Amino acid sequence: MNSLSTPKPPKRIGELSELAYNLWWSWHIDARQLFKVLDRPLWKATGHNPVKLLQQIAPYRLVAAAGDPIFLKNYDSVISDFKADMSATSTWFNTEYPHLAQHTIAYFSLEFAIHYSLPLYAGGLGILAGDYCKEASDLGLPIVGVGFMYPQGYFHQYISADGWQEEAYEQLGFTEAPIHPVLTAQGQAMHIEVPLDARSVHVAVWQVNVGRVKLYLLDTNVEDNLPSDRGLSARLYAGDREMRLHQEIVLGIGGVRVLRALGIEPAVWHANEGHTAFMMLERTRELVEKGLDFTEAANKVRDTTVFTTHTPVPAGNDVFSLELMERCFHRYWGTLGLDRDAFLKLGMQDSDNTVFNMTVLGLRMANQRNGVSQLHREVCHRMWHSLWPDATEEDVPITSVTNGIHVPTWVAPQMARLYERHLSHDWLKRHDDPALWEHVLAIPDEEIWAVRRWLKYKLIGAVQDRARKRWSEDNVAPVQALAMGALLDTETLTLGFSRRFTDYKRAALILYDVSRLKRMLRSKLQPVQIIFSGKAHPNDEHGKQLIQEIYTVAKDPEFGGRIAFIEDYDMHMARYLVQGTDVWLNTPRPLQEASGTSGQKAAINGVPHLSVLDGWWYEGYNGTNGWAIHNDVEAIDPADQDKADAEELYSLLENKIIPLYYERDINGVPHGWIRIIKETIRSNAPLFSARRMAKEYTEQMYLAAVQSSQLMQMGERQSPAIPNTSYSPSQAPETPASSPASVSTHSTSRTKKGA
Ligand SMILES: *Cc1c(COP(=O)(O)O)cnc(C)c1O
């Protein structure tokens, strides 16, 4: 299957097949170009999927390419870069930490967004995991990813004529995807088993190559399974609580078993969000099986575990009923050396002992814990203080590593060329160096403006293309084509708002005073247009109502076609939007956005942020690099807060943003505006990169964990050499089952107050 059934390209360009099966191509502009020029219409028709392209392309085109000197020159250069990257020994990680080069870090996540042709993600969490794997490859971080191979992924979104979200699932053709089945040494498909209720679920494993990083994806669609179990891994975030619990058991427990079957012995285990926290239990079980008691085993697991929490919204934390937990784990807790109550307490908060909370489990079973922005760290301290009742709020042992984006994935090629010319030919190699970005200030305004205009043209072209397609092929009403952006205009100040449609993101805040908004949009001389996009969770009625509210104004002639709602937000549309709008808008209810990353993607492309001072913007905003809606109204009633925030939003638009955008010189260049663009790039690009993030995870979290595991192997785990950021097991209370084992009363360097 897969590569075997693919027609082989001529020998001279034979390595295209290998390149197609390594998503390295997706973040290297020249490699993308190589596939694209083979057959542009087919490239588009296959959704930019080189595996599919090579299966469907007319053989004569490959023969022609193999004889075309220009193609061959590019081919040789791409393949040589690819090979060099795959075998490089002088990576950042190997250079900085040569003694750790042999270690492996396992990274578990329920979603991975690597490329839109492999739709294993719903939103921000998956994008973060995907960006992290790519950066790990670039830096030589020895990561292996563990996740799910969902054949149907997340849903596709269509909006009906009356504005209601409709969901459609599409089956991914496994033979057309860049995945390989993982085989045993005997050449059989690898299978592992995971206990579930009274039965076992069989799990097959797929491998995805993300540069140097390997992703192992679990799949329960195996013949030996019950039909219901076969469908377990079909979709992301679908089904009821029981199905979600089953998925998390398969990923957490099964993921550990897969790594064992592959002979991989990670030194550090990183759980991305509570969904994956059962991996900590499985590793504890292994140690109990080897003869340790639960407390000893759990302490060893804690020392080598990193847990990242992403959810300041209480409802965002994954919880399961005790009854459901009992049903799924009654055969398991004994193997941990625990009884029912001790087991259930691992996931209980004293303030709520009626449910099993996955975040609580993760916080209890990992000694390295972090939130995803400085402000989020403070929110975490408040939120989880009850787990460390003896600590002051400030000393709750949760630190932060602020999220960042994978720059090569999100930067527009035209912006990249600008940086290449004006920063340095090797700007990409040093893109987390703030000194490099000082040179942005010297880029001629006309050049930046030409690129910014071009990217807006591309965005509006893509939006109108979709509207045309839906109108001509799917028979939607003309007014729907308008709502999809058919009347958008390339010269108008364009705000982008693309995110999950859920309450706290307050998508409709800008509609707070409809007549005031209308005046802005319909201004003859200085009009504004807004492009919305984003999905609501299939069970989120209120999120769907928000979409309907936006769609209704988008259809309303009173708004002049200046509001558009783009269906089916995904990584592909996200690239157009973060590159092509003029201002990136974000209006979450304060303290509910853990980080947010789309604004960081916009910033690297010179799109300034207009946002509530929440998440990453709390540390990203410097007074001159965009606009902030203040968050100091935390205590007031939500309705008053909406009113105050809407007022601040309108006033920023009317008094600052709109006049500045339309203030032009004789050639139509807005120099004041470009000053903000340059400051956006200069101040945000180096800081909010996945590169800075990956280095921080290494330096702040992984090194401490590796040290613990080495000391553990040497039988010296009580040694004072353990940095004070890892909490000595000697401080553990007698019964870690009912309270976290790690209590710190001293502050660490990383728990200092945010800016
Ligand atoms: C970046 C991204 C997100 C996350 O953006 P937020 O700022 O966290 O809302 C979600 N979905 C897609 C498709 C993205 O590209």
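Quantities reported herein were computed from a predicted structural model and do not represent experimental measurements. Order of listing sets the numbers, starting from 1, for every ligand and every atom in it.
Using a 4.5 Å heavy-atom cutoff, the side chains of W584 and L577 are in contact.
One finds the CG atom of D614 at 15.0 Å from the OH atom of Y621 (value rounded to the nearest 0.5 Å).
Note on ring orientation: taking the six-membered ring where Trp is involved, the planes of Y661 and W673 are perpendicular (angle over 60°, cut-offs 30° and 60°). Relative ring orientation between F532 and F497 is described as tilted, the plane-to-plane angle lying within the 30° to 60° band.
Listed by chain and number, residues touching ligand 1 at under 4.0 Å (heavy atoms only) are G123, G124, I127, W410, R499, K505, Y569, D570, M571, A574, G596, T597, S598, K601.
At a threshold of 4.0 Å, the pair E593-R499 counts as salt-bridged, since one of the basic side-chain nitrogens sits closer than that to a carboxylate oxygen.
Side-chain contact, N370 with Y697: a donor N or O sits under 3.5 Å from an acceptor N or O.
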